[in-house]
Participant: 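The structure's right below; bear with me while I get my questions together.
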Amino acid sequence: MTAVIRTEKLTKSYGSHRGIVDVDLEVQKGEVFGFLGPNGAGKTTTIRTLLDLIRPTSGKAFVFDIESSDDPAAIHRRLGYLPGEFALYDRLTGGQTLEYFGNLRGGVDRAYQARLVERFDLDPSRRFREYSKGNKQKVGLVAALQNKPELLLLDEPTSGLDPLVQQTFFELLRESVKDGGTVFLSSHILSEVERSCDRVAIIREGRIARVDRVDALRDLAHHQVELRFSGDPPAAEFKSLAGVSDVQVEDHTLRLRVLGPITPVVQAAARLGVTDFLSREPSLEETFLAQYGRESAEVE
């Protein structure tokens, strides 16, 4: 596979303030890659370094096999970017803002631009300063998408969007990938990463903590399991299993938590004559909190 984004020990230091340290990433062509972490973890710093908006203290970043500091203009021509804080000229209308960005790229498909405006239910005649946070975000998303880029770099893209608009946004992401695009999506909202991404990198305190597929990351969290038996539950049999904790007995019901693969519990339950088995799969939010602690995760 072709790596659209690649970093090698990418480091940015702000002196006494935390930046990023030895970030190693590879984002393959055609995937939706989630960049997950609490606010202040280093997500925006990484994106700005990829775009050469800031220069790394050490290490390297490559986009389309071009080192970011060598030819940033060549990189920018092929991507769409939505910053975390999208602010533009207050006196321009939304339509004029989109035209401005379109002209910077030598023109865009006006019919496609109009379809995006319609799908986001955006009024392009209003001035930028009159827009709500959500409508400003819509302008930014249309500007990022309208040139049908090979790579979308999106920093907290659903901020301020209502649920219906978020649904439209995720539909457009899928369409972009279907057309051969790649998406790098930064977020601290775990549910949207779980919903849209193929792989996820978790960044914490400026360092990459883990990179894996979304479904693999769920194995880090506790499953909530409830087992029912016709007689007294054999609690001791389950307490001895690896990863099992918080075993509780109530009448003929056994409740427990399982950290990691649930297969040993399933096999033991089948052997011991379980009459009913309920298991709740952990969300990515529970995974993150279980692995890295509630005090460091800022979740909406």
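FYI, the numbering just counts along the sequence from 1.
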Participant: What distance separates L164 CG from T168 OG1, expressed to the nearest 0.5 Å?
Facilitator: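 Output value for this atom pair is 7.0 Å.
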Participant: Any chance you could pull the hydrophobic cluster mates of Y14, using side-chain heavy atoms under 4.5 angstrom and chaining through other members?
Facilitator: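 Its cluster mates, by chain and number, are I54.
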Participant: Quick one: closest heavy-atom pair of Y131 and R126, and the distance?
Facilitator: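 Looking at all heavy atoms of both residues, the shortest contact is OH-O, 3.5 Å.
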Participant: Roughly how far apart are R48 CZ and L53 CG, rounded to 0.5 Å?
Facilitator: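 That separation rounds to 7.5 Å.
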Participant: Between L227 and A269, what is the shortest heavy-atom contact and its length?
Facilitator: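 The answer is CD2-CB, 4.2 Å.
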Participant: Does the salt bridge (charged side-chain N to carboxylate O under 4.0 Å, His left out) test come out yes or no for K60 and E8, once each step is laid out?
Facilitator: CA-CA 5 Å; K60 295 180 179 181; E8 299 174 356; 5.4 Å; no
Participant: Cluster question for you: counting only ILVMFWY and a side-chain heavy-atom cut-off of under 4.5 Å, with indirect links fine, are V21 and I203 together?
Facilitator: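 The answer is no; the residues belong to distinct hydrophobic clusters.
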Participant: Are T253 and D251 close enough that a side-chain donor and a side-chain acceptor fall under 3.5 Å?
Facilitator: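 Looking only at side-chain atoms, D251 and T253 do not form any donor-acceptor pair under 3.5 Å.
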Participant: G30 and V177: which non-hydrogen atoms are nearest, and at how many Å?
Facilitator: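 Of all heavy-atom pairs spanning G30 and V177, the closest is O-CG1, 3.2 Å.
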Participant: In a check of side chain to side chain contact (heavy atoms under 4.5 Å, CB included) between F169 and each of V165, L173, L172, which one passes?
Facilitator: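 Between F169 and the candidates, side chain to side chain contact (heavy atoms under 4.5 Å, CB included) is satisfied uniquely by L173.
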Participant: Roughly how far, to the nearest 0.5 Å, is the CD1 atom of I47 from the OG1 atom of T45?
Facilitator: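 If we round to the nearest 0.5 Å, T45:OG1 and I47:CD1 are 9.5 Å apart.
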Participant: Once you measure the plane-to-plane angle for Y89 and Y100, does it fall in the parallel (<30°), tilted (30-60°) or perpendicular (>60°) bin?
Facilitator: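 It falls in the perpendicular class, over 60°.
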Participant: Are I208 and F35 close enough that some pair of their side-chain heavy atoms sits under 4.5 Å apart?
Facilitator: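 Yes. Closest side-chain heavy atoms under 4.5 Å.
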Participant: On the six-membered ring of F62, is R6 placed so that its NZ or CZ lies under 6.0 angstrom from the centre and within 45° of the ring axis?
Facilitator: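 Flagged: R6 positioned over aromatic ring of F62.
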Participant: Could you go through residues 147-157 and list every donor-acceptor pair under 3.5 Å that involves a side-chain atom there, pairing it with any protein atom two or more places apart or in another chain?
Facilitator:
unit_1	atom_1	unit_2	atom_2	d
E150	OE1	R78	NE	3.4
E150	OE1	R78	NH2	2.9
E150	OE2	R78	NE	2.9
D155	OD1	S186	OG	3.2
D155	OD2	T44	OG1	2.7
E156	OE1	H188	ND1	3.1
E156	OE2	H188	N	3.4
E156	OE2	H188	ND1	3.1

Participant: May I ask whether L278 and V274 are part of the same hydrophobic cluster, defined by side-chain heavy atoms of I, L, V, M, F, W, Y residues being less than 4.5 angstrom apart, directly or through others?
Facilitator: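 Per the 4.5 Å side-chain linkage, L278 and V274 are not co-clustered.
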Participant: State the CZ-CZ distance between R115 and F120, to the nearest 0.5 angstrom.
Facilitator: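 Taking CZ in R115 and CZ in F120, the distance rounds to 13.5 Å.
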Participant: Is any side-chain N of the basic residue among R129 and D90 closer than 4.0 Å to the acidic one's carboxylate O?
Facilitator: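 Salt bridge between R129 and D90, a charged N being under 4.0 Å from a carboxylate O: no.
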Participant: Is there side-chain contact between H223 and R280, with at least one heavy-atom pair below 4.5 Å?
Facilitator: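 No, their side chains stay 4.5 Å or more apart.
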Participant: Apply the test ring pair (Phe, Tyr, Trp, His ring centres under 6.0 Å) to residues F86 and Y81: give CA-CA distance (whole Å), side-chain angles for both, the deciding distance (0.1 Å), then the verdict.
Facilitator: CA-CA 10 Å; F86 185 68; Y81 170 52; 9.3 Å; no
Participant: Answer yes when E31 and K29 have at least one side-chain N-carboxylate O distance shorter than 4.0 Å, and no when they do not.
Facilitator: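 The answer is no: the pair does not qualify as a salt bridge.
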Participant: With a 4.0 Å cut-off on N to O distance, would you call R207 and E205 a salt bridge?
Facilitator: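 E205 and R207: not salt-bridged.
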Participant: Salt bridge check: are R119 and E175 linked by an N-O gap of less than 4.0 Å?
Facilitator: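 Salt bridge: yes.
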Participant: With rounding to the nearest 0.5 angstrom, report the CZ to CG distance, R204 to L36.
Facilitator: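 Between atom CZ of R204 and atom CG of L36 there are 12.5 Å.
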Participant: Could you grab the distance from atom CG of D162 to atom CD of Q137, nearest 0.5 Å is fine?
Facilitator: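 Going from CG on D162 over to CD on Q137, the span is 12.0 Å.
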Participant: Answer yes if V117 and L88 sit in the same cluster of Ile, Leu, Val, Met, Phe, Trp and Tyr residues linked by side chain heavy atoms under 4.5 Å apart, and no otherwise.
Facilitator: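 As far as the 4.5 Å side-chain criterion goes, L88 and V117 are connected within one cluster.
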Participant: Where the side chain of D24 meets the backbone of K9, is there a donor-acceptor pair that is under 3.5 Å apart?
Facilitator: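 Present.
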Participant: Without placing hydrogens or testing angles, list every side-chain donor-acceptor pair under 3.5 Å for residues 229-246, not counting sequence neighbours.
Facilitator:
unit_1	atom_1	unit_2	atom_2	d
S240	OG	E237	O	3.0
D246	OD2	R257	NH1	3.1

Participant: Identify whether V108 and L116 are in the same connected component of the hydrophobic contact network (ILVMFWY, side-chain heavy atoms under 4.5 Å).
Facilitator: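 Hydrophobic grouping puts V108 apart from L116.
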Participant: Is it the case that the side chains of Q248 and E250 hold a donor-acceptor pair, with the cut-off being a distance below 3.5 Å and no angle test?
Facilitator: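 Their side chains do not contain a donor-acceptor pair, so the 3.5 Å distance test is not met.
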Participant: If every non-hydrogen atom of F101 is compared with every non-hydrogen atom of A143, which pair is closest and at what distance?
Facilitator: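 Scanning both residues, the minimum pair turns out to be CD1-CB, 3.9 Å.
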Participant: Restricting to non-hydrogen atoms, name the atom on P124 and the atom on L122 that form the minimum distance, rounded to 0.1 Å.
Facilitator: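 Minimum heavy-atom contact is CD-O, 3.1 Å.
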Participant: If you look at every heavy atom in S68 and I75, which pair is closest and at what distance?
Facilitator: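 For S68 versus I75, the nearest heavy atoms are CA-CD1, 3.7 Å.
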